[in-house]
Amino acid sequence: MKTKIWHITKENEIQTYLEAAKLLQAGEAVAFPTETVYGIGADATNEQAVAKIYEAKGRPADNPLIVHIADQSQVHEFVKEVPDNAKKLMHTFWPGPLTIILPLRTGRLAANVTAGLDSVGVRMPEHPVALGLLAVAGIPVAAPSANRSGKPSPTSGEHVEEDLSGRIAGIVFGGKTGVGLESTVIDCTLEMPAILRPGGVSQEAIEAVIGPVISEAKEVAQQEAPKAPGMKYTHYAPKAPVAIIEGDAVFFQQQIDLAEKNGEIVGVLVSDELEAQLRKSEYMMGLGSKAYPEETAYRLYDRLRHFDHTPVTLIYAEPFAKIGIGEAVMNRLEKAAGGHYIRQSEER
């Protein structure tokens, strides 16, 4: 398949939306930028179109998709009801990086969007290109991240092209994304809403609007039928294995030295503060200052993907405080590492 590429400019913006929307309406898969990561979209009411997403990504069929809309009123087309707490969240955070799981109205969406569940995740993205394309298409669009399943999500059109060129009908280049990590997913079908995946909207911000919520309960993450993406399978992983080094700068350097002594080529992923304390190396990548966790979130996937183009055989990463968007950063890092920590406290 030849993939059509559009580079958005002021001059071609409307024509791009018309052409890309026509492909979506015809049952094809098209990638486009959102404020979180790039997504690969298809008509959420068309089962054959949605199947092209799973095929292009190599995605497990029991991993549900998030439906993207251009206007809040579209929710009622395929959702049975919108609880009061969900209405408050929509009013406060839409458009934005928050996915809300709501009870599904039967027969309105393709069955493979929800993986057979009686609920659906919905969000209204805060990106002019995404909103423009969705508005012109006029249909709900199922759109997971536009990468091969399991790899770090794409934060630029080049990342999408690298993974999916020749596998989907089109890619709309709209610059780099803003947040750099996927949306927060909150389940509002429960009596007390539960955060199933941390992301661009923090738990603290959500609780300021609707009160206490359950935070990513372990038993929820292990359920057979995950209600949100990123819960059940290994995600966000580069080719080289990742380990999180928990300890001081001396301990971190010792782990690098030991691995190199054993023949590994070590990639290093750290804050500016820790980078200044370590011996410089060719494959050391900075994630920004700990004082600006949003910068860490923005850089994370790009840095992980960069290592795929180097000869590194092992990646050591620094942990970050699980506060605000740091919770989402660590969720992605821990999944990339498969939960593998090397702790100074365990070495003593």
Side-chain angles (χ1 to χ4, degrees), residues 13-14 17 20-21 24-25 30 32-46 49-50 64-110 113-114 117-145 172 174 177-179 181-190 193-203 205-211 213 227-229:
E13 184 177 12
I14 299 303
Y17 294 156
L24 287 171
Q25 292 162 348
V30 175
F32 56 90
T34 77
E35 82 284 18
T36 57
V37 299
Y38 271 69
I40 169 178
D43 182 354
T45 67
N46 182 333
V50 172
L65 304 175
I66 292 168
V67 175
H68 291 62
I69 56 176
D71 188 277
Q72 289 190 28
S73 63
Q74 290 178 272
V75 167
H76 304 285
E77 297 173 13
F78 52 88
V79 162
K80 194 183 301 182
E81 62 176 324
V82 181
D84 287 342
N85 50 30
K87 290 177 183 176
K88 292 176 183 177
L89 292 173
M90 290 176 187
H91 177 75
T92 306
F93 298 111
W94 279 11
L98 182 69
T99 294
I100 304 174
I101 293 181
L102 298 166
L104 181 66
R105 188 184 293 272
T106 307
R108 300 300 178 89
L109 296 178
V113 168
T114 61
L117 298 171
D118 59 3
S119 60
V120 61
V122 192
R123 92 176 185 97
M124 181 179 174
E126 188 179 19
H127 192 290
V129 174
L131 288 174
L133 175 57
L134 292 168
V136 173
I139 52 177
V141 172
S145 55
V172 180
T177 57
V179 178
L181 297 177
E182 296 83 357
S183 61
T184 302
V185 178
I186 185 165
D187 188 350
C188 284
T189 67
L190 306 173
I195 294 176
L196 304 186
R197 180 181 73 185
V201 177
S202 70
Q203 180 178 342
I206 288 171
E207 290 185 330
V209 175
I210 63 171
V213 299
K227 296 180 79 173

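Side chains included, hydrogens not; waters and symmetry mates left out as well; all remaining heavy atoms used.
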Please tell me if the side chains of Tyr17 and Val129 come closer than 4.5 Å, counting only heavy atoms from C-beta onward. yes
Applying side chain to side chain contact (heavy atoms under 4.5 Å, CB included), run through Ile100 and Ile186 and close with a yes or a no. CA-CA 5 Å; Ile100 304 174; Ile186 185 165; 4.2 Å; yes
Nearest 0.5 Å, please: how far is CG in Leu131 from CD1 in Ile69? 10.0 Å
Any side-chain heavy atom of Leu89 within less than 4.5 Å of one from Ile210? yes
Student check: side-chain heavy atoms of Gln74 and Leu134 closer than 4.5 Å: no
Atom CD of Gln25 and atom CD1 of Ile139: how far apart are they, to the nearest 0.5 Å? 6.0 Å
Least distance between heavy atoms, Pro125 atom then Pro95 atom: O-CB, 3.3 Å
At what distance, to the nearest 0.5 angstrom, does CG of Leu102 lie from CG of Asp118? 12.0 Å
Establish, from distance only, whether the side-chain atoms of Ser183 and Thr36 form a donor-acceptor pair under 3.5 Å. no
First locate atom CG of Leu98, then atom CD1 of Ile195, and finally report the distance between them rounded to the nearest 0.5 Å. 8.5 Å
Under-4.0 Å salt bridge between Arg123 and Glu35: yes
Please round to the nearest 0.5 Å and tell me the distance separating atom CD of Glu77 and atom CZ of Arg108. 8.5 Å
Identify the two heavy atoms, one from Leu24 and one from Ala137, that lie closest to each other, and give their separation to 0.1 Å. CD1-CB, 4.3 Å
Where Ala205 and Phe93 come nearest, the two heavy atoms and their spacing: O-CZ, 3.6 Å
Interatomic distance, Thr189 atom OG1 to Lys80 atom NZ [nearest 0.5 angstrom]: 10.5 Å
I need the minimum non-hydrogen distance between Val172 and Tyr38, along with the two atoms involved. O-CE2, 3.4 Å
So which atom in Val67 and which in Ala44 form the shortest heavy-atom distance, rounded to 0.1 Å? CG2-CB, 4.2 Å
Minimum heavy-atom separation for Gly41 and Ala143, please, with both atom names. CA-CB, 3.9 Å
Test applied, side chain to side chain contact (heavy atoms under 4.5 Å, CB included); reference residue, Thr184; option that passes from Thr99, Ile206, Leu196: Ile206
Report the C-alpha distance between Phe78 and Val113 in whole Å, list the side-chain angles of each, state the deciding distance to 0.1 Å, and finish with yes or no for side chain to side chain contact (heavy atoms under 4.5 Å, CB included). CA-CA 12 Å; Phe78 52 88; Val113 168; over 6 Å; no
Is a side-chain donor or acceptor of Glu207 paired with a backbone partner of Val213 at a separation under 3.5 angstrom? yes
